[in-house]
Amino acid sequence: MDSRVKLLGHPVHPMLIVIPAGLFLVSFIFDLINLSTENADYARAAYLMISAGILGALAAAVFGVIDWFKIPAGTRAKAIGLYHGLGNVVMLLLFIGSFYVRNADPGAPTRLAFVLSGLGVMVLLVTGWLGGELVDRLGVGVDEGANVNAPSSLSHRSTRG
């Protein structure tokens with residue numbers, strides 16, 4: 001099933017999701033470093049990464065929703081896509097909550113801020129797996145006829161033969 005929105009021949013949603021996913025994961029790593037070193041610079045960096053991750057997640061979500069509407073109704077892919085999307089809403093809300101409770105002093109996050117981020121990362125791992133299931137197992141966003149010798153997406157030649 002081909003993606004609805006593409007840039008230079010590739011689906012936009014998977015291009016964008018790596019940005020917030022990376023930011024959220026590294027923010028949590030910085031939180032762990034902050035906990036072990038008590039260096040407030042890591043906490044402030046985590047705060048900034050979470051803020052950028054929230055913006056990136058919102059941008060990626062727009063293209064994910066557009067692609068989800070193209071998945072045929074009544075299919076396993078439609079259900080998995082729904083779980084993937086709803087899970088990402090939960091993940092985003094957890095990080096928004098973490099961001100919110102950090103606002104008072106980004107250099108000294110509360111235990112709640114760490115817990116919300118940790119839960120957000122756990123949900124992110126599950127929704128990332130679901131996204132992989134959509135692409136790798138169910139072929140969502142994959143060109144029909146894709147193969148190991150397919151022409152470049154920039155060649156404007158079809159993969160269908």
Side-chain angles (χ1 to χ4, degrees), residues 1-71 75-142 153:
M1 190 207 95
D2 215 356
S3 179
R4 199 171 254 177
V5 183
K6 292 184 169 190
L7 176 66
L8 299 175
H10 292 283
V12 172
H13 177 68
M15 283 188 221
L16 292 180
I17 57 97
V18 296
I19 297 165
L23 288 165
F24 290 146
L25 288 170
V26 174
S27 75
F28 186 66
I29 291 168
F30 278 13
D31 276 344
L32 295 175
I33 294 170
N34 170 254
L35 281 174
S36 65
T37 66
E38 297 182 10
N39 183 336
D41 290 338
Y42 287 103
R44 284 189 282 277
Y47 176 78
L48 294 173
M49 288 183 187
I50 291 170
S51 67
I54 291 168
L55 295 175
L58 292 171
V62 169
F63 296 98
V65 168
I66 291 169
D67 283 347
W68 182 77
F69 278 112
K70 188 176 181 190
I71 299 172
T75 62
R76 181 168 176 261
K78 190 75 161 189
I80 296 293
L82 180 63
Y83 301 141
H84 170 73
L86 292 176
N88 280 322
V89 169
V90 170
M91 179 269 308
L92 184 56
L93 290 172
L94 288 165
F95 277 104
I96 288 170
S98 181
F99 178 80
Y100 178 77
V101 298
R102 293 169 192 256
N103 271 333
D105 186 359
T110 64
R111 183 169 293 155
L112 178 60
F114 292 122
V115 169
L116 291 171
S117 288
L119 291 172
V121 166
M122 286 189 248
V123 174
L124 175 63
L125 293 172
V126 172
T127 61
W129 183 87
L130 289 170
E133 185 78 355
L134 284 166
V135 174
D136 297 334
R137 198 72 163 166
L138 301 171
V140 173
V142 177
S153 59

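These numbers come from the heavy atoms of this one structure, side chains and all, not from hydrogens, waters or symmetry mates. Residues take their numbers from the sequence shown, with the count starting at 1. Not measured: the values here are computed from a predicted model.
- Pairs engaging residues 107-121 under the side chain to side chain donor-acceptor pair (under 3.5 Å) rule: Ser98-Ser117, Arg102-Ser117 [sequence neighbours left out].
- Side chains of Phe114 and Asn34 form a contact here, defined as non-hydrogen atoms less than 4.5 Å apart.
- The side chain to side chain donor-acceptor pair (under 3.5 Å) contacts involving residues 43-55 comprise Asp41-Arg44, Tyr47-Asn103, where partners must be two or more places apart or lie in separate chains.
- Phe30 is linked by a ring pair (Phe, Tyr, Trp, His ring centres under 6.0 Å) to Tyr42, counting only residues two or more places apart in sequence or in another chain.
- Judged as a salt bridge (Lys or Arg N to Asp or Glu O under 4.0 Å), not a single pair has a partner in residues 86-95 (not counting sequence neighbours).
- Distance check: Phe28 CZ to Ile50 CD1 gives 10.0 Å after rounding to the nearest 0.5 Å.
- Residue pairs meeting the salt bridge (Lys or Arg N to Asp or Glu O under 4.0 Å) criterion with at least one member in residues 115-128: none, sequence neighbours excluded.
- With sequence neighbours excluded, the residues satisfying side-chain hydrogen bond (donor to acceptor under 3.5 Å, both in side chains) with Arg76 are Glu133.
- Residue Pro20 comes nearest to Gly56 through the heavy atom pair CG-C, 3.7 Å, listed as atom of the first residue, atom of the second, then distance.
- The salt bridge (Lys or Arg N to Asp or Glu O under 4.0 Å) analysis of residues 54-66, with sequence neighbours excluded, yields no pairs.
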Report all side-chain donor-acceptor pairs from residues 85-97 shorter than 3.5 Å, counting only partners two or more places apart or in another chain.
unit_1, atom_1, unit_2, atom_2, d
Asn88, OD1, Thr127, OG1, 2.7
Asn88, ND2, His84, O, 3.1
Asn88, ND2, His84, NE2, 3.4

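- The two residues Ala43 and Pro109 have their closest heavy-atom pair at CB-CD, 3.5 Å.
- For Met15, the side-chain contact (heavy atoms from CB on, under 4.5 Å) partners at least two apart in sequence or on another chain are Leu7, His10.
- Sorted pairs that involve residues 53-62 and meet side chain to side chain donor-acceptor pair (under 3.5 Å), not counting sequence neighbours, are lacking altogether.
- Here CG of Leu124 is found 8.0 Å from CZ of Phe24. Values are rounded to the nearest 0.5 Å.
- The shortest distance between side-chain heavy atoms of Trp129 and Leu125 does not fall below 4.5 Å.
- In terms of heavy-atom proximity, Pro11 sits nearest to Gly141 at CG-O, 3.4 Å.
- For residues 10-26, no pair satisfies salt bridge (Lys or Arg N to Asp or Glu O under 4.0 Å), with sequence neighbours left out.
- Looking only at side-chain heavy atoms (C-beta outward), Val140 and Asp67 stay at 4.5 Å or farther from each other.
- Residue Ile71 holds its CD1 atom at 8.5 Å from CG of Leu138, rounded to the nearest 0.5 Å.
- Residues Ala77 and Leu134 come closest through the heavy atom pair O-CD2, 3.4 Å.
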